[in-house]
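See structure below.
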Amino acid sequence: MWEYLKLIVLAVVAVGAAIAANYAHDLPYMVNAVVVMLAAAITFLWTLRHVGDAPSLADVSANYNDGVVRAGVIATTFWGIVGFLVGVVIAFQLAFPQLNPAWSQGILNFGRLRPLHTSAVIFAFGGNALIMSSFYIVQRTSAVRLWGGNLGWFVFWGWQLMIVLAATSYVLGGTQGKEYAETVWYIDLWITVVWVAFLLTFLGTLMSRKEPHIYVANWFLLSMIVTVAMLHVVNNAAIPVSIFSSQSVPVYSGVQDAMVQWWYGHNAVGFFLTAGFLGMMYYFVPKQAERPIYSYKLSIIHFWALIFLYIWAGPHHLHYTALPDWASTLGMVFSVMLWMPSWGGMINGLMTLSGAWDKLRTDPIIRMMVVSIGFYGMSTFEGPMMSIRAVNSLSHYTDWTIGHVHSGALGWNGMITFGVLYFLTPRLWNRERLYSLQLVSWHFWLATIGIVLYASSMWVTGIMEGLMWREVDANGFLVNAFADTVAAKFPMYVVRALGGTLFLAGALIMCYNLWKTVTSVDSRSTAPSAVPAE
């Protein structure tokens, strides 16, 4: 009965999407409607082909549901390459404007590819990393199978559909123009549906756990899921112009819209890119180091301090704007206070290697994880410093901010995700080992050098840019035009593009290594030693 109901829903969705495409008011909406129609039709055919099939052994066994985690590893790796590649392309476009040819305007120019890059890296690469690691961690720490049957698969495929809809929308001009929240209204609705399913799957697994204690990684992951849901719904409140148009009118306007946007924007960094990845750190670093977490009490202090302070830090993005001074000062004060709990978490992660520091010489995976924690500590010092009004007057709107974001995104989020992918792949595919630790070392050094080149070039050009903007002559007139700063930044932009290229090269080596691990390394002689879930 359930299978026939699914067929009816999928048929209605496919026909409805076809009708919507026919009546579309703009090109992004029409293309998105066609994508939904194709996705529903393919799913309909797949479901129809398997009606009446007996459940596979994997579906009825007592083992963990690792199929969706394996799919998440593949998706994370794939979207990471896509996001890094687009980032390299737009970095070269900024350094060499002739790479924005006339024929590509409106599709492949910098203005269209930039939101594609940011969303691909944050929500496609980072989002898939969080979903697959959350599903892996919550099953192991709860000693139960993922709750909800195929709900985990709905989360996975629903997230992939969102990524394709967003990407095709961006390159065709479909955007609501909000940083880290570019997706148009109907994609926002779909994100809400998928995210609620994610919450139900994760929370249902926790509630059915056999372990009485909830491991701290799950606290960080659950706070990420709940807070991101709240941020997304509030910030993206909008009224569609038409049910057949991608355009919408935001509920907020003026400085209120800016305040809500940066309450969302900074907490997207704080919970999606920080709390979620800290959950990964608290599970995978002790596992790879084969040592218990240094201080469980410190991890609890880290958690509560982080979630209570981070939510108030957003207004520091709006210094020297129409936002009242008291609001931006509030954001600045809470941002500075965040430094201590953030470094408490960094120290907790690093000190987990107490008694196992020798692994840094022999294990490039733990080396990658440790460097990621180091970048986390650096970024969580630099961020509070840049929130101080006097520093912000120099750094804001310059490439210094770009350097800060990428030292955190590539160094912290990227490197910890790479370490997790290396940790999971041989275990999920039941292989004895990785194909090549030497290739992991190559990846580590290429990525590290690439990040250093990227971040240092942006720090130099950002500070130079800020100083050039405020330079005045004896009569108080500005000395430099905007074009002068653009010309002066050219060498650093080339270095930035080269750094991104090295980072991409390391990721490609990782892809090869993971592929060879799955296809060339012998299976383990015995099954994994994990306790089966029920």
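Because the structure is a prediction, the values reported are computed rather than measured.
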Distance in Å, S457 OG paired with L498 CG, rounded so as to fall on 0.5 Å steps: 9.0 Å

Enclosure of W190 CH2 (heavy-atom neighbours >12, cutoff 6.0 Å): yes

D257 CG to N235 CG distance, which is reported to the nearest 0.5 Å: 7.5 Å

E471, CD: over 12 other non-hydrogen atoms inside 6.0 angstrom: yes

Inter-residue atom distance L318.CG - Q261.CD, 0.5 Å rounding: 9.0 Å

Test item: side-chain donor near acceptor, R496 and T461, under 3.5 Å: no

Test of ring centre spacing under 6.0 Å for Y422 and F284: no

Among L421, I137, I74, side-chain contact (heavy atoms from CB on, under 4.5 Å) partner for M132: L421

Check: F503 ring centroid to F84 ring centroid under 6.0 Å: yes

Member of H317, H316, R389 meeting the side chain to side chain donor-acceptor pair (under 3.5 Å) criterion with S328: R389

Any donor-acceptor N or O pair under 3.5 Å, side chains D26, Q247: no

Whether over 12 other heavy atoms sit under 6.0 Å from W469 CH2: yes

Within 6.0 Å of OH in Y320, more than 12 heavy atoms from elsewhere: yes

Spatial distance of atom CG (L94) from atom CZ (F96) [nearest 0.5 Å]: 11.0 Å

Inter-residue atom distance I81.CD1 - L508.CG, 0.5 Å rounding: 4.5 Å

W185 atom CH2, neighbour heavy-atom count above 12 within 6.0 Å: yes

F198 ring center near F135 ring center (under 6.0 Å): yes

F418 vs V440 side-chain heavy atoms within contact, under 4.5 Å: no

Aromatic plane relationship, F220 with F303 - under 30° parallel, 30 to 60° tilted, over 60° perpendicular: perpendicular

Taking every non-hydrogen atom, the tightest pair across L130 and G276: CD2-C, 3.4 Å

N128 versus Q160, side-chain donor and acceptor atoms under 3.5 Å: yes

Partner set under side-chain hydrogen bond (donor to acceptor under 3.5 Å, both in side chains) for R114, not counting sequence neighbours: E179

Sidechain-backbone polar pair: T329 side chain, W326 backbone, donor-acceptor under 3.5 Å: no

Side-chain heavy atoms of K516 within contact of S436, under 4.5 Å: no

Side-chain H-bond candidate by donor/acceptor type, D188 with T183, under 3.5 Å: yes

Separation of F423 CZ from M368 CE (nearest 0.5 Å): 15.0 Å

Heavy atoms from other residues, nucleotides or ligands near CG of L27 exceed 12 (cutoff 6.0 Å): yes

